[in-house]
J.: 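The following block contains the structure, expressed as C-alpha coordinates.
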Amino acid sequence: MKLRIIIAPLGILACEQPREDSIGQSGEVRDSAGVHIVQNPRPLAGSRIPWRIGPAPAASIGVLDGEDPYMLHYATDATKLSDGRIVVANGGDGQLRVFDAQGNHLATWGGEGEGPGEFSGLREVARWTGDSIVAWSAPRMGISIFDSDGNYGRTFRLADAAVWFWPESVTAGASILAIHSPEEADTVVVHLRDGEGRLKSSFGTFPHAEPYIVGDGEYGKLYWKTFGRRALWTPWGDRVAIGDTRRYEIRAFRADGSLERIVRRDHAPRTPTPGDVDADIEARVQRNTRGVESDSEADGYRERRRREYGAVPVAEHFPAFQSIMTDAADHLWVEEYEAPTDDFATRLWTVFDPEGQVVGFFETPRDWLVYEIGEDYILVWTQDELDVETMQVWPLERSAG
(Lines give C-alpha, C1' and ligand atoms only; values in the text may rest on other atoms or scores of the structure.)
Protein backbone atom coordinates (compact mmCIF):
# COMPACT_ATOMS: atom_id res chain seq x y z
CA MET A 1 0.00 0.00 0.00
CA LYS A 2 1.34 3.42 -0.94
CA LEU A 3 -1.40 5.83 0.06
CA ARG A 4 -1.42 7.55 3.43
CA ILE A 5 -4.44 6.57 5.46
CA ILE A 6 -6.72 9.50 6.21
CA ILE A 7 -8.74 8.84 9.35
CA ALA A 8 -11.98 10.53 10.27
CA PRO A 9 -14.78 9.65 12.66
CA LEU A 10 -16.95 7.12 10.91
CA GLY A 11 -19.95 9.41 10.86
CA ILE A 12 -18.31 11.61 8.20
CA LEU A 13 -16.86 8.85 6.02
CA ALA A 14 -18.59 8.58 2.65
CA CYS A 15 -18.18 6.72 -0.62
CA GLU A 16 -16.79 8.65 -3.56
CA GLN A 17 -19.33 7.06 -5.85
CA PRO A 18 -22.72 5.46 -5.19
CA ARG A 19 -23.06 1.73 -4.59
CA GLU A 20 -25.97 -0.33 -5.83
CA ASP A 21 -28.02 -0.91 -2.69
CA SER A 22 -31.52 -2.35 -2.55
CA ILE A 23 -34.28 -2.84 -0.01
CA GLY A 24 -33.61 -3.76 3.60
CA GLN A 25 -35.98 -5.89 5.70
CA SER A 26 -35.55 -8.54 8.35
CA GLY A 27 -34.29 -11.84 6.96
CA GLU A 28 -36.58 -14.77 6.22
CA VAL A 29 -35.76 -17.91 8.23
CA ARG A 30 -36.93 -21.34 7.22
CA ASP A 31 -35.94 -24.89 8.08
CA SER A 32 -34.85 -27.62 5.69
CA ALA A 33 -34.26 -31.03 7.23
CA GLY A 34 -32.94 -29.48 10.43
CA VAL A 35 -30.80 -26.85 8.67
CA HIS A 36 -31.83 -23.22 9.22
CA ILE A 37 -31.82 -21.19 6.02
CA VAL A 38 -31.67 -17.42 6.56
CA GLN A 39 -32.48 -15.37 3.46
CA ASN A 40 -31.60 -11.69 3.86
CA PRO A 41 -32.24 -8.69 1.60
CA ARG A 42 -29.46 -6.21 0.89
CA PRO A 43 -29.57 -3.32 3.40
CA LEU A 44 -31.16 -0.05 2.32
CA ALA A 45 -29.20 2.30 0.08
CA GLY A 46 -27.06 4.65 2.14
CA SER A 47 -28.04 3.04 5.44
CA ARG A 48 -25.39 2.41 8.11
CA ILE A 49 -25.40 0.72 11.49
CA PRO A 50 -25.30 3.43 14.21
CA TRP A 51 -21.93 2.25 15.52
CA ARG A 52 -19.00 4.65 15.62
CA ILE A 53 -15.24 4.46 15.42
CA GLY A 54 -13.55 6.88 17.82
CA PRO A 55 -11.87 10.08 16.59
CA ALA A 56 -8.36 8.90 17.53
CA PRO A 57 -6.62 5.57 18.18
CA ALA A 58 -6.19 4.40 21.77
CA ALA A 59 -2.81 2.98 20.76
CA SER A 60 -0.59 3.46 17.71
CA ILE A 61 2.53 1.31 17.29
CA GLY A 62 4.99 1.95 14.48
CA VAL A 63 7.51 4.68 13.57
CA LEU A 64 9.78 5.61 10.68
CA ASP A 65 12.80 6.06 12.94
CA GLY A 66 13.07 5.16 16.60
CA GLU A 67 13.67 2.33 19.01
CA ASP A 68 13.70 -1.14 17.45
CA PRO A 69 10.49 -2.50 19.05
CA TYR A 70 8.47 0.32 17.49
CA MET A 71 9.89 -0.16 13.98
CA LEU A 72 7.63 -2.77 12.41
CA HIS A 73 8.61 -4.83 9.40
CA TYR A 74 6.18 -7.29 7.83
CA ALA A 75 3.83 -7.17 10.82
CA THR A 76 1.52 -9.97 9.76
CA ASP A 77 -0.94 -10.17 12.67
CA ALA A 78 -1.83 -8.87 16.14
CA THR A 79 -4.16 -9.66 19.01
CA LYS A 80 -5.30 -7.92 22.17
CA LEU A 81 -5.23 -9.84 25.47
CA SER A 82 -7.86 -9.56 28.20
CA ASP A 83 -5.59 -7.33 30.31
CA GLY A 84 -5.27 -4.86 27.43
CA ARG A 85 -1.80 -5.87 26.24
CA ILE A 86 -1.27 -5.93 22.47
CA VAL A 87 0.83 -8.71 20.95
CA VAL A 88 2.20 -7.99 17.46
CA ALA A 89 3.59 -10.71 15.19
CA ASN A 90 6.54 -9.00 13.49
CA GLY A 91 7.28 -11.38 10.64
CA GLY A 92 10.43 -9.58 9.55
CA ASP A 93 12.42 -10.95 12.50
CA GLY A 94 10.09 -13.62 13.91
CA GLN A 95 9.43 -11.66 17.09
CA LEU A 96 6.28 -11.40 19.17
CA ARG A 97 6.37 -7.82 20.45
CA VAL A 98 4.23 -7.01 23.47
CA PHE A 99 2.87 -3.52 24.22
CA ASP A 100 0.58 -2.09 26.88
CA ALA A 101 -2.88 -0.68 26.10
CA GLN A 102 -1.35 2.72 25.24
CA GLY A 103 1.22 1.23 22.85
CA ASN A 104 4.30 1.28 25.12
CA HIS A 105 6.72 -1.61 24.58
CA LEU A 106 6.81 -4.13 27.42
CA ALA A 107 8.60 -7.25 26.17
CA THR A 108 9.76 -9.21 23.13
CA TRP A 109 9.28 -12.97 22.81
CA GLY A 110 10.47 -15.50 20.28
CA GLY A 111 12.68 -14.56 17.36
CA GLU A 112 13.94 -15.90 14.05
CA GLY A 113 15.17 -19.50 14.15
CA GLU A 114 14.18 -23.14 14.35
CA GLY A 115 14.58 -23.73 18.08
CA PRO A 116 11.87 -23.97 20.76
CA GLY A 117 9.80 -20.82 20.79
CA GLU A 118 11.41 -19.48 17.60
CA PHE A 119 9.85 -18.90 14.18
CA SER A 120 10.79 -19.10 10.54
CA GLY A 121 8.39 -16.83 8.67
CA LEU A 122 6.14 -15.85 11.59
CA ARG A 123 2.60 -15.51 10.27
CA GLU A 124 -0.11 -15.30 12.95
CA VAL A 125 -0.74 -14.90 16.65
CA ALA A 126 -3.94 -15.55 18.60
CA ARG A 127 -5.28 -15.88 22.11
CA TRP A 128 -5.36 -19.40 23.56
CA THR A 129 -6.87 -20.59 26.84
CA GLY A 130 -6.62 -18.09 29.67
CA ASP A 131 -4.21 -15.37 28.63
CA SER A 132 -1.78 -17.71 26.94
CA ILE A 133 -1.18 -17.30 23.21
CA VAL A 134 -0.41 -19.40 20.16
CA ALA A 135 1.68 -18.34 17.18
CA TRP A 136 2.73 -20.09 14.01
CA SER A 137 4.69 -19.82 10.79
CA ALA A 138 5.06 -22.67 8.28
CA PRO A 139 3.09 -25.88 8.92
CA ARG A 140 6.19 -28.03 9.42
CA MET A 141 7.51 -25.68 12.09
CA GLY A 142 4.33 -26.18 14.08
CA ILE A 143 2.15 -24.13 16.39
CA SER A 144 3.88 -22.76 19.51
CA ILE A 145 2.18 -21.96 22.81
CA PHE A 146 3.41 -19.33 25.28
CA ASP A 147 2.03 -18.44 28.70
CA SER A 148 0.96 -14.90 29.59
CA ASP A 149 4.52 -14.00 30.58
CA GLY A 150 6.01 -15.18 27.30
CA ASN A 151 7.42 -18.45 28.60
CA TYR A 152 7.55 -21.07 25.87
CA GLY A 153 5.39 -24.12 26.59
CA ARG A 154 5.22 -26.56 23.71
CA THR A 155 4.79 -27.01 19.97
CA PHE A 156 2.35 -29.23 18.08
CA ARG A 157 1.87 -29.88 14.38
CA LEU A 158 -1.03 -30.55 12.03
CA ALA A 159 -0.21 -33.57 9.88
CA ASP A 160 -1.83 -36.80 8.69
CA ALA A 161 1.01 -39.00 7.47
CA ALA A 162 2.61 -36.90 4.71
CA VAL A 163 -0.35 -34.49 4.38
CA TRP A 164 0.24 -31.18 6.13
CA PHE A 165 -2.58 -28.89 7.17
CA TRP A 166 -2.06 -25.15 7.43
CA PRO A 167 -3.38 -23.45 10.61
CA GLU A 168 -5.73 -20.56 9.83
CA SER A 169 -7.29 -19.39 13.09
CA VAL A 170 -8.21 -20.34 16.64
CA THR A 171 -11.80 -21.03 17.67
CA ALA A 172 -13.55 -20.00 20.88
CA GLY A 173 -13.16 -23.58 22.11
CA ALA A 174 -9.35 -23.49 21.71
CA SER A 175 -9.35 -25.61 18.57
CA ILE A 176 -7.45 -24.88 15.37
CA LEU A 177 -9.24 -24.23 12.09
CA ALA A 178 -6.91 -25.75 9.46
CA ILE A 179 -6.87 -26.27 5.70
CA HIS A 180 -5.17 -28.45 3.12
CA SER A 181 -5.01 -27.27 -0.50
CA PRO A 182 -2.32 -28.61 -2.86
CA GLU A 183 -0.86 -25.90 -5.09
CA GLU A 184 -2.48 -27.05 -8.33
CA ALA A 185 -5.79 -28.22 -6.82
CA ASP A 186 -9.08 -26.36 -7.27
CA THR A 187 -10.48 -27.55 -3.94
CA VAL A 188 -9.64 -27.12 -0.26
CA VAL A 189 -10.23 -29.46 2.71
CA VAL A 190 -11.22 -27.76 5.98
CA HIS A 191 -10.62 -29.42 9.37
CA LEU A 192 -11.02 -28.65 13.04
CA ARG A 193 -7.98 -29.80 15.07
CA ASP A 194 -7.54 -30.07 18.84
CA GLY A 195 -4.74 -28.66 21.00
CA GLU A 196 -2.52 -31.61 20.16
CA GLY A 197 -3.03 -31.29 16.41
CA ARG A 198 -5.36 -34.29 16.17
CA LEU A 199 -8.44 -34.31 13.95
CA LYS A 200 -11.66 -33.33 15.74
CA SER A 201 -13.94 -33.02 12.73
CA SER A 202 -13.88 -32.45 8.99
CA PHE A 203 -16.16 -29.95 7.31
CA GLY A 204 -15.48 -31.47 3.91
CA THR A 205 -13.98 -30.42 0.59
CA PHE A 206 -14.93 -27.08 -0.97
CA PRO A 207 -14.41 -25.41 -4.39
CA HIS A 208 -11.38 -23.12 -4.22
CA ALA A 209 -9.18 -21.03 -6.55
CA GLU A 210 -9.10 -22.30 -10.13
CA PRO A 211 -5.52 -22.88 -11.37
CA TYR A 212 -4.43 -22.27 -14.95
CA ILE A 213 -1.05 -23.03 -16.56
CA VAL A 214 0.37 -20.40 -18.93
CA GLY A 215 3.04 -21.81 -21.27
CA ASP A 216 4.12 -25.37 -21.99
CA GLY A 217 6.26 -28.00 -20.35
CA GLU A 218 8.94 -26.92 -17.91
CA TYR A 219 8.34 -23.26 -18.78
CA GLY A 220 4.68 -23.28 -17.76
CA LYS A 221 3.64 -20.94 -14.93
CA LEU A 222 0.78 -21.42 -12.54
CA TYR A 223 -1.87 -18.69 -12.35
CA TRP A 224 -5.43 -18.52 -11.09
CA LYS A 225 -8.54 -17.47 -12.99
CA THR A 226 -8.92 -13.69 -13.00
CA PHE A 227 -11.74 -12.66 -10.62
CA GLY A 228 -12.23 -16.36 -9.94
CA ARG A 229 -13.82 -17.98 -6.94
CA ARG A 230 -12.14 -18.53 -3.56
CA ALA A 231 -13.20 -20.45 -0.51
CA LEU A 232 -13.26 -18.39 2.70
CA TRP A 233 -13.58 -19.53 6.32
CA THR A 234 -13.65 -18.12 9.85
CA PRO A 235 -14.64 -19.26 13.36
CA TRP A 236 -18.10 -17.94 14.25
CA GLY A 237 -18.77 -18.36 17.96
CA ASP A 238 -18.99 -22.10 18.56
CA ARG A 239 -19.43 -22.67 14.81
CA VAL A 240 -17.22 -22.44 11.73
CA ALA A 241 -18.41 -20.34 8.77
CA ILE A 242 -17.37 -21.38 5.25
CA GLY A 243 -18.35 -19.94 1.89
CA ASP A 244 -17.05 -19.56 -1.63
CA THR A 245 -17.25 -16.29 -3.46
CA ARG A 246 -19.30 -17.46 -6.46
CA ARG A 247 -22.52 -16.71 -4.58
CA TYR A 248 -23.52 -14.73 -1.51
CA GLU A 249 -23.94 -17.70 0.78
CA ILE A 250 -22.19 -18.62 4.04
CA ARG A 251 -22.57 -22.08 5.60
CA ALA A 252 -22.25 -22.41 9.37
CA PHE A 253 -21.07 -25.78 10.70
CA ARG A 254 -21.19 -27.12 14.23
CA ALA A 255 -17.95 -28.23 15.86
CA ASP A 256 -18.83 -31.86 15.08
CA GLY A 257 -18.79 -31.06 11.34
CA SER A 258 -22.55 -31.04 10.76
CA LEU A 259 -24.25 -28.21 8.89
CA GLU A 260 -26.26 -25.97 11.24
CA ARG A 261 -27.43 -23.06 9.07
CA ILE A 262 -27.08 -21.38 5.68
CA VAL A 263 -26.97 -17.57 5.53
CA ARG A 264 -27.74 -15.83 2.25
CA ARG A 265 -28.06 -12.22 1.19
CA ASP A 266 -29.52 -10.75 -1.99
CA HIS A 267 -26.79 -9.96 -4.48
CA ALA A 268 -26.83 -8.82 -8.12
CA PRO A 269 -23.87 -10.36 -10.02
CA ARG A 270 -21.60 -7.92 -11.87
CA THR A 271 -19.77 -8.75 -15.09
CA PRO A 272 -16.14 -7.58 -15.45
CA THR A 273 -15.49 -5.12 -18.27
CA PRO A 274 -12.33 -5.06 -20.43
CA GLY A 275 -11.29 -2.02 -18.39
CA ASP A 276 -11.58 -4.04 -15.17
CA VAL A 277 -9.41 -6.79 -16.62
CA ASP A 278 -6.78 -4.31 -17.83
CA ALA A 279 -6.73 -2.54 -14.45
CA ASP A 280 -6.37 -5.83 -12.59
CA ILE A 281 -3.49 -6.94 -14.82
CA GLU A 282 -1.67 -3.63 -14.44
CA ALA A 283 -2.03 -3.66 -10.65
CA ARG A 284 -0.56 -7.16 -10.44
CA VAL A 285 2.24 -6.28 -12.85
CA GLN A 286 3.23 -3.25 -10.77
CA ARG A 287 3.20 -5.25 -7.53
CA ASN A 288 5.39 -7.95 -9.04
CA THR A 289 7.92 -5.45 -10.41
CA ARG A 290 8.90 -4.13 -6.99
CA GLY A 291 12.53 -4.90 -6.28
CA VAL A 292 13.57 -5.14 -9.95
CA GLU A 293 16.65 -2.94 -10.09
CA SER A 294 17.18 -1.67 -13.65
CA ASP A 295 14.53 0.11 -15.72
CA SER A 296 15.25 -1.99 -18.82
CA GLU A 297 14.94 -5.20 -16.85
CA ALA A 298 11.70 -3.96 -15.26
CA ASP A 299 10.22 -3.00 -18.64
CA GLY A 300 10.91 -6.44 -20.10
CA TYR A 301 9.54 -8.13 -17.01
CA ARG A 302 6.35 -6.08 -17.13
CA GLU A 303 5.70 -6.95 -20.76
CA ARG A 304 6.15 -10.69 -20.11
CA ARG A 305 3.84 -10.51 -17.15
CA ARG A 306 1.17 -8.60 -19.09
CA ARG A 307 1.19 -11.30 -21.79
CA GLU A 308 0.99 -14.07 -19.23
CA TYR A 309 -1.80 -12.46 -17.19
CA GLY A 310 -3.66 -11.67 -20.40
CA ALA A 311 -3.70 -15.37 -21.30
CA VAL A 312 -5.48 -16.34 -18.07
CA PRO A 313 -9.26 -16.97 -18.32
CA VAL A 314 -11.60 -14.40 -16.76
CA ALA A 315 -14.55 -15.34 -14.57
CA GLU A 316 -18.03 -14.54 -15.88
CA HIS A 317 -18.85 -12.50 -12.77
CA PHE A 318 -16.96 -10.72 -10.02
CA PRO A 319 -16.86 -12.48 -6.64
CA ALA A 320 -19.96 -11.93 -4.52
CA PHE A 321 -17.84 -10.74 -1.58
CA GLN A 322 -14.21 -10.08 -0.67
CA SER A 323 -13.56 -11.52 2.80
CA ILE A 324 -15.25 -12.70 6.00
CA MET A 325 -14.43 -12.41 9.70
CA THR A 326 -16.22 -12.37 13.05
CA ASP A 327 -16.08 -10.15 16.13
CA ALA A 328 -16.07 -10.75 19.88
CA ALA A 329 -19.89 -10.43 19.96
CA ASP A 330 -20.24 -13.26 17.39
CA HIS A 331 -21.31 -10.97 14.57
CA LEU A 332 -20.32 -12.12 11.10
CA TRP A 333 -18.69 -9.39 8.96
CA VAL A 334 -18.71 -9.87 5.17
CA GLU A 335 -16.64 -7.41 3.15
CA GLU A 336 -18.18 -6.16 -0.09
CA TYR A 337 -16.17 -6.86 -3.24
CA GLU A 338 -14.44 -3.89 -4.85
CA ALA A 339 -13.71 -4.10 -8.58
CA PRO A 340 -10.42 -2.70 -9.94
CA THR A 341 -12.18 0.30 -11.51
CA ASP A 342 -14.27 1.11 -8.41
CA ASP A 343 -13.12 4.16 -6.49
CA PHE A 344 -14.58 3.89 -3.01
CA ALA A 345 -13.23 5.93 -0.10
CA THR A 346 -14.03 3.19 2.41
CA ARG A 347 -14.43 -0.54 2.80
CA LEU A 348 -18.07 -1.59 3.13
CA TRP A 349 -19.11 -4.54 5.29
CA THR A 350 -22.45 -6.29 5.71
CA VAL A 351 -22.78 -7.25 9.37
CA PHE A 352 -24.94 -10.21 10.45
CA ASP A 353 -26.04 -11.02 14.00
CA PRO A 354 -25.13 -14.36 15.65
CA GLU A 355 -28.19 -16.01 14.09
CA GLY A 356 -27.37 -14.85 10.56
CA GLN A 357 -29.89 -12.01 10.35
CA VAL A 358 -28.53 -8.95 8.56
CA VAL A 359 -27.87 -5.99 10.88
CA GLY A 360 -26.76 -3.52 8.22
CA PHE A 361 -23.80 -1.89 6.54
CA PHE A 362 -20.70 -0.63 8.34
CA GLU A 363 -17.74 1.29 6.91
CA THR A 364 -14.04 1.19 7.74
CA PRO A 365 -11.31 3.31 6.13
CA ARG A 366 -10.11 1.85 2.89
CA ASP A 367 -6.46 1.58 3.95
CA TRP A 368 -7.17 -0.37 7.11
CA LEU A 369 -6.34 -4.05 7.17
CA VAL A 370 -8.56 -5.29 10.01
CA TYR A 371 -6.94 -7.97 12.18
CA GLU A 372 -9.36 -8.16 15.12
CA ILE A 373 -12.73 -6.73 16.19
CA GLY A 374 -13.43 -6.72 19.92
CA GLU A 375 -16.49 -5.68 21.88
CA ASP A 376 -15.27 -2.07 21.99
CA TYR A 377 -12.25 -1.82 19.68
CA ILE A 378 -10.93 -2.55 16.20
CA LEU A 379 -7.29 -3.63 15.80
CA VAL A 380 -5.90 -2.67 12.39
CA TRP A 381 -2.69 -2.47 10.33
CA THR A 382 -1.91 0.51 8.11
CA GLN A 383 0.99 1.67 5.94
CA ASP A 384 1.77 5.21 4.75
CA GLU A 385 3.43 6.50 1.58
CA LEU A 386 6.87 5.96 3.14
CA ASP A 387 5.99 2.28 3.72
CA VAL A 388 5.94 2.80 7.50
CA GLU A 389 3.81 0.08 9.07
CA THR A 390 1.57 0.95 12.01
CA MET A 391 -0.56 -1.24 14.25
CA GLN A 392 -3.45 0.71 15.78
CA VAL A 393 -6.28 0.08 18.24
CA TRP A 394 -9.36 2.24 17.58
CA PRO A 395 -12.32 2.57 19.98
CA LEU A 396 -15.58 1.08 18.70
CA GLU A 397 -18.87 2.31 20.13
CA ARG A 398 -21.82 0.00 19.53
CA SER A 399 -25.16 1.75 19.96
CA ALA A 400 -28.54 0.07 19.65
CA GLY A 401 -29.87 2.60 17.15
Side-chain angles (χ1 to χ4, degrees), residues 15 18-51 171-172 177 190 201 203-204 206-207 229-271 315-339 344 346-364 370 373 375 396 398-401:
C15 297
R19 301 176 186 261
E20 295 180 2
D21 300 324
S22 60
I23 62 169
Q25 302 170 355
S26 60
E28 172 193 353
V29 182
R30 59 184 187 273
D31 190 275
S32 176
V35 176
H36 295 286
I37 300 175
V38 187
Q39 182 69 47
N40 292 282
R42 186 179 174 89
L44 288 168
S47 65
R48 298 295 182 264
I49 306 172
W51 301 349
T171 71
L177 182 60
V190 185
S201 57
F203 303 108
F206 299 87
R229 72 187 183 210
R230 289 185 302 132
L232 297 171
W233 44 80
T234 186
W236 186 9
D238 56 2
R239 318 178 187 114
V240 170
I242 304 174
D244 81 72
T245 58
R246 292 174 301 175
R247 62 183 66 87
Y248 208 117
E249 177 180 290
I250 310 293
R251 296 183 169 233
F253 295 84
R254 302 179 183 91
D256 63 5
S258 61
L259 181 61
E260 190 261 346
R261 71 182 55 225
I262 299 173
V263 178
R264 296 171 178 149
R265 202 213 68 186
D266 290 346
H267 169 74
R270 295 173 57 193
T271 301
E316 181 180 0
H317 298 115
F318 285 123
F321 49 91
Q322 180 73 31
S323 67
I324 61 174
M325 65 184 303
T326 52
D327 65 20
D330 291 342
H331 289 89
L332 176 67
W333 295 54
V334 180
E335 182 186 0
E336 297 293 291
Y337 184 79
E338 183 175 341
F344 301 136
T346 62
R347 295 182 189 270
L348 186 65
W349 304 76
T350 300
V351 181
F352 299 83
D353 72 14
E355 302 307 312
Q357 297 271 4
V358 69
V359 178
F361 284 139
F362 188 77
E363 289 179 319
T364 58
V370 179
I373 306 172
E375 290 274 5
L396 174 63
R398 301 175 189 246
S399 55

J.: What residues form a side chain to side chain donor-acceptor pair (under 3.5 Å) with Thr271, not counting sequence neighbours?
T.: none
J.: For Leu332, is there any backbone N or O sitting under 3.5 Å from a side-chain donor or acceptor partner on Thr326?
T.: no
J.: Please tell me whether Trp333 and Phe352 form a close aromatic pair, meaning their ring centres lie under 6.0 Å apart.
T.: no
J.: With sequence neighbours excluded, tell me which residues meet side chain to side chain donor-acceptor pair (under 3.5 Å) with Thr350.
T.: Arg265, Glu336
J.: Using every non-hydrogen atom in the two residues, find where Pro207 and Ala231 come nearest and quote the distance to one decimal.
T.: O-CB, 3.4 Å
J.: Kindly indicate whether the side chain of Ile262, heavy atoms from C-beta on, has any atom under 4.5 Å from the side chain of Val35.
T.: yes
J.: Can you list the residues that meet the side-chain contact (heavy atoms from CB on, under 4.5 Å) rule with Ser201, with sequence neighbours excluded?
T.: Leu192, Phe203
J.: Using the ring of each side chain (for Trp, its six-membered ring), is Trp51 parallel, tilted or perpendicular to His331, with breaks at 30° and 60°?
T.: perpendicular
J.: Hey, mind stepping through Val29 and Ile37 against side chain to side chain contact (heavy atoms under 4.5 Å, CB included) and telling me if it holds?
T.: CA-CA 6 Å; Val29 182; Ile37 300 175; over 6 Å; no
J.: Do Glu28 and Asn40 meet the criterion of a side-chain donor-acceptor pair at a distance under 3.5 Å?
T.: no
J.: Please determine, by modelled atom types, if Trp349 and Thr364 share a side-chain donor-acceptor pair under 3.5 angstrom.
T.: yes
J.: Going by heavy atoms in the side chains, are Tyr248 and Asp266 under 4.5 Å from each other?
T.: no
J.: Could Arg347 and Glu363 be called an ion pair, given the rule that one side-chain N must be under 4.0 Å from one carboxylate O?
T.: no
J.: Is there a side-chain contact between His36 and Arg30, using heavy atoms and a 4.5 Å cut-off?
T.: no
J.: Using side chain to side chain donor-acceptor pair (under 3.5 Å) as the criterion, list what pairs up with Glu260, not counting sequence neighbours.
T.: Arg239
J.: Can you list everything that forms a ring pair (Phe, Tyr, Trp, His ring centres under 6.0 Å) with His317? Sequence neighbours excluded, please.
T.: none
J.: Going by side chain to side chain donor-acceptor pair (under 3.5 Å), name the residues that satisfy it together with Glu355, two or more places apart in sequence or in a different chain.
T.: Arg261
J.: For Ile324 and Ala241, work out which heavy atoms get closest and say how close.
T.: CD1-O, 4.1 Å
J.: Can you list everything that forms a salt bridge (charged side-chain N to carboxylate O under 4.0 Å, His left out) with Arg247? Sequence neighbours excluded, please.
T.: Asp244
J.: Who passes ring pair (Phe, Tyr, Trp, His ring centres under 6.0 Å) against Trp236, sequence neighbours left out?
T.: none
J.: Does Gln322 offer a backbone N or O that forms a donor-acceptor pair with the side chain of Arg230 under 3.5 Å?
T.: yes
J.: Locate the shortest heavy-atom distance separating Pro354 from Ala329; write the atom from each residue and the value.
T.: CG-O, 3.7 Å
J.: Return the set of residues passing salt bridge (charged side-chain N to carboxylate O under 4.0 Å, His left out) with Arg251 (not counting sequence neighbours), or none when no residue passes.
T.: Glu249
J.: Apply side chain to side chain contact (heavy atoms under 4.5 Å, CB included) to Leu177 and Trp233, showing your working.
T.: CA-CA 9 Å; Leu177 182 60; Trp233 44 80; 3.9 Å; yes
J.: Among all residues two or more places apart in sequence or in another chain, which pass the ring pair (Phe, Tyr, Trp, His ring centres under 6.0 Å) test with Phe318?
T.: Phe227, Tyr337
J.: Supply the atom-to-atom distance Arg264 CZ to Ile250 CD1, rounded to the nearest 0.5 angstrom.
T.: 11.5 Å
J.: Please identify each residue that fulfils side-chain contact (heavy atoms from CB on, under 4.5 Å) with Asp256, with sequence neighbours left out.
T.: Arg254, Ser258
J.: Mind listing the closest non-hydrogen atom pair of Thr234 and Met325 along with its distance?
T.: OG1-CA, 3.8 Å
J.: Give the minimum heavy-atom separation between Gly360 and Pro43, together with the two atoms involved.
T.: CA-CG, 4.0 Å
J.: Please tell me if the side chains of Leu396 and Phe362 come closer than 4.5 Å, counting only heavy atoms from C-beta onward.
T.: yes
J.: Does some side-chain heavy atom of Val240 sit less than 4.5 Å from a side-chain heavy atom of Ile242?
T.: yes
J.: Go through the structure and list residues passing side-chain contact (heavy atoms from CB on, under 4.5 Å) with Asp238, not counting sequence neighbours.
T.: none
